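Each ligand, and each atom within it, is numbered from 1 in the order the structure gives. All of these numbers come straight from a predicted model, not from anything done at the bench.
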Amino acid sequence: MIRDSKTRRDFLGTMAGGASLAGCRSPTSADSELHAGPADVTLRIGPVLMDIAKGHTISTVGYNGQVPGPLIRLKEGVPVTVDLFNDTNAAELVHWHGQIVPAAVDGAAEERSLVVPAQAHIRYRLTPQPAGARFVHTHVMPMSDTSRGTYTGQFAFVYIEPKSNPGQYDQEVFLATHEWEPFFGAEEMEEGGEDLGPKPPDVKPDEKPNGWEIGYQRFTINGKCLGFGEPVRVKQGQRVLFHILNASATENIKLALPGHRFTVVALDGNPVPHPRAVDVLELGTAERISATVEMNNPGVWVLGTPMDDDRKNGMGIVVEYAGRGGEPRWIKPAKSLWDYTAFGEAQTAPNPAETIPLVFGKINGGTGHFNHWTVNGKEFHEGDAPRALVKGRRYRLIFDNHTDDAHPVHLHRNSFELVSVNGKPTGGVLKDVVLVKGFRKVEADVTPAMDGLTLFHCHQQLHMDYGFKLLFNMT
Ligand SMILES: [Cu+2]
């Protein structure tokens, strides 16, 4: 692996002199392809102080001095030059989540992607695809160090403009949720026990007590606690297209906007066969939902989580109609069940070439330790031989959750098509993360698109760090 060994001082010196960045080397393209001059996309990883609420400032790491990082708008299929600068003292990985890109630039250590060394710079080319709401985030493994990895502010929206018309709306709003000030405790700190399937008979009683669970003290949308940032300003009669990203390290969330309904038009950036209106959105970690809202109920409203404590601690944003004032209103939504299949075709998928069962298991860590996670009875270890898949073949992945936790599982460098959710057949719903609830089963078909190492993992940072991974090699 070739890395640019320039120091930050060297780089700044070069910039001050007005010279180009041609001295930076890329290991993925010939130097001649990497035109001199400024890159199309520049991400500078560095410390950020962010005011999330009145008198409450958080010290974290972000992109370009802000959290979330800048909205990155790209055009499908149009290559861009990317500059990554790392102003921190630790090596970083920048993952282009939801894009079908070569392993070298995907940003995952297991795929042997390029690393951005501490206090250094790398440059490469990237051809954005597919269209829709994607994002970029760090892929380092923080383990017990919650000052690193996805606990930080290293996330930004990537919106890839489709080649054809994206649909009609009057205003586009990007919202990213995140939690702050994490702590470890013995208790599950979420509303639990919801929508569990029947316990599979082979799940044995736990030998040890449950290990650490994680909780947070503050919650933000676009880096601000509810009521602290600018409201989303709308006008009566507008159709607003929301792109919502769950940029949490570990939490699955729900969001509602009282007095309004969300018409879900895309999941993980991919248009759904049947857009449908719902009252409550649910997003596993790293999932995206694009939904339109008809602004036909003038007032000042809270778009937020139905979980009262989390909303009081910040998980919400005010939606304000022009000419309206006063306290924002919140009305608790009726209980609703999120169902991916509601947006899909009622159909049975063509038979796959091969079926790959992936059984998720948990090994309780015991008090004061972390739980460990297994796929097909095995924790992932660095150096594990990848499982070979053939490019262009249709595989059916069976996500079979033998734990009572919900797992937002993610496949890198591919989209998969949901074919069955908790026994209900569906089709046409393309995703890169799917939330598999406790003791539930989801089946998804994937036809590997590109050569190379491809990581599968749970996007819950603690699960991923403690075993919940599997490596494929597409050939
Ligand atoms: Cu998980």
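- With a cut-off of 2.8 Å, the protein N/O/S atoms near the Cu ion (ligand 1) add up to 3.
- Rounded to the nearest 0.5 angstrom, Glu287 CD and Ile253 CD1 are separated by 10.0 Å.
- Salt bridge present: Arg73 and Glu161 bring a charged side-chain N and a carboxylate O closer than 4.0 Å.
- Salt bridge absent: Glu417 and Arg396 never bring a charged side-chain N and a carboxylate O closer than 4.0 Å.
- With sequence neighbours left out, Leu462 forms a side chain to side chain contact (heavy atoms under 4.5 Å, CB included) with Tyr151, Phe184, Ile214, Phe370, Gln460, Tyr466.
- No salt bridge links Asp106 with Arg112; every basic N to acidic carboxylate O contact stays at or beyond 4.0 Å.
- Residues Asn86 and His121 have side chains that never bring a donor and an acceptor to within less than 3.5 angstrom of each other.
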